[in-house]
Visitor: 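Before anything else, here's the structure in question.
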2 protein chains.
Amino acid sequence: METRRDVFQAIADPTRRAILGMVAKEATNVNAIAGQFEVSRQAISLHLKILAECGLLQIKQQGRERICEARLENLAEVNRWVSQYRKFWTNKLDALENYLDTTFSTDSHEKSGENIEGK
Amino acid sequence: METRRDVFQAIADPTRRAILGMVAKEATNVNAIAGQFEVSRQAISLHLKILAECGLLQIKQQGRERICEARLENLAEVNRWVSQYRKFWTNKLDALENYLDTTFSTDSHEKSGENIEGK
DNA sequence: TATATTTGCAAGCACCTACTTGCGTATCAT
DNA sequence: ATGATACGCAAGTAGGTGCTTGCAAATATA
């Protein structure tokens with residue numbers, strides 16, 4: 001059982017999703033983020049570390065402050081995985097949506113191989 | 001720290017994602033699923049239980065077998081959350097994609113309130 | 001009926017996670 | 001220089017997670 005630290009695990013925690021929601025609107029420093037939650041600054045600091053480790057967040061030192069800004073590109077991985085099952089929750093205009101996804105997106109959807117990725 | 005059991009956490013585990021990949025192709029019984037992984041049947045059984053608890057899987061008793069079939073409708077929640085950050089990883093045709101998502105999907109995207117859901 | 005198959009349940013274990021409190025350090029303001 | 005501010009590091013803790021092995025129950029097959 002090796003330690004996983006991927007995007008899927010990062011967004012599994014509701015606090016971390018909320019943090020991403022905050023910094024996505026505006027880059028914020030650590031204390032300002034912590035102030036929005038009831039848990040301690042240390043707890044938030046750890047969440048930030050985890051988010052930074054999988055690239056969803058970038059922390060820039062600025063004097064004595066650390067500004068956290070969202071880097072949500074890696075969410076594309078989640079989007080890709082979920083999108084392959086799109087037909088399960090909607091059956092309208094699948095063809096058109098998939099056409100748009102696979103044709104115009106920067107990331108290549110349906111790269112395959114992710115299905116049996118769980119070893 | 002109450003126990004969470006939501007879709008985000010369910011798909012955080014790579015083994016569970018792989019299980020979903022299997023059953024999405026074809027409904028399968030427990031042993032057949034377990035046979036595809038190196039972990040014990042009990043471990044898989046627990047994964048199945050978790051997936052069933054958050055509605056991603058439906059287990060139907062059939063004689064002595066339990067057939068697991070994918071019910072991935074709840075992945076729409078993940079899709080909705082991720083989609084709001086789509087602009088972070090692609091900037092092509094956002095408007096059109098969002099238009100299609102919000103107009104023709106069965107689920108109402110951007111239901112709001114999920115942003116600051118982390119308490 | 002005897003045996004094999006499919007499966008759940010329960011106990012136990014190592015590790016991970018989310019959290020706390022206490023303390024130290026760098027930076028800024030006065 | 002002095003004090004306040006922003007922050008990381010370290011230690012400690014309760015409970016969660018992923019896994020195992022052993023056993024029992026239900027169903028199918030011989």
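By convention in this document, chain letters (A, B, ...) are assigned in the order of the sequence lines, proteins followed by strands, and residues within each chain are numbered from 1.
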Visitor: Does a distance-only test, which skips hydrogens and angles, find a donor-acceptor pair under 3.5 Å between the side chain of B:Gln42 and the base of C:dC9?
Guide: yes
Visitor: Under 6.0 Å from the ring centre and within 45 degrees of the ring axis: does the NZ or CZ of A:Arg71 meet both conditions for the six-membered ring of B:Phe88?
Guide: no
Visitor: Rounded to whole angstrom units, what separation is found between the CZ atom of B:Phe8 and the P atom of C:dA18?
Guide: 15 Å
Visitor: Within a strict 4.5 Å, meaning less than it, do heavy atoms of the B:Arg16 and B:Ile11 side chains meet?
Guide: no
Visitor: Quick one: is A:Asn31 getting a side-chain N or O under 4.0 Å of the D:dC7 phosphate, OP1 or OP2?
Guide: yes
Visitor: Without decimals, in angstroms, what is the distance between B:Gln9 CD and D:dG16 C1'?
Guide: 9 Å
Visitor: Given C:dC19, D:dG18, C:dG8, which nucleotide is nearest the side-chain atoms of B:Asp13?
Guide: D:dG18
Visitor: Write down the atom of B:Val30, the atom of B:Cys68, and the distance for their closest heavy-atom approach.
Guide: CG2-SG, 4.3 Å
Visitor: Kindly check if the number of other-residue, nucleotide or ligand heavy atoms within 6.0 Å of CD (A:Gln62) is above 12?
Guide: no
Visitor: Side-chain N or O of A:Ser40 versus OP1/OP2 of C:dC19: is the shortest distance under 4.0 Å?
Guide: no
Visitor: Other residues, nucleotides and ligands only: do more than 12 of their heavy atoms fall within 6.0 Å of CD on A:Glu26?
Guide: no
Visitor: Would you confirm whether the ring centroid of A:Trp81 sits within less than 6.0 angstrom of the ring centroid of A:Tyr85?
Guide: yes
Visitor: Under 4.0 Å, heavy atom to any atom of DNA chain D: which of residues 47-72 of chain A qualify?
Guide: A:Arg64, A:Glu65, A:Arg66
Visitor: Can you check the A:Ile19 CD1 to C:dC19 C1' distance for me, whole Å?
Guide: 13 Å
Visitor: Test your reading of the model: is there a side-chain donor-acceptor pair from B:Asn79 to the backbone of A:Asn79, 3.5 Å cut-off?
Guide: no
Visitor: Can you tell me if A:Asn29 touches the phosphate of D:dC7, counting only side-chain N or O atoms and a distance under 4.0 Å to OP1 or OP2?
Guide: yes
Visitor: Between the side-chain atoms of A:Arg41 and the base atoms of D:dG8, is any donor-acceptor pair under 3.5 Å?
Guide: yes
Visitor: Rounded to whole Å, how long is the line connecting atom CG of A:Leu46 with atom C1' of D:dA10?
Guide: 13 Å
Visitor: Quick check for you: among D:dG18, D:dT20, C:dT21, whose closest atom lies nearest to any side-chain atom of B:Ala43?
Guide: D:dT20
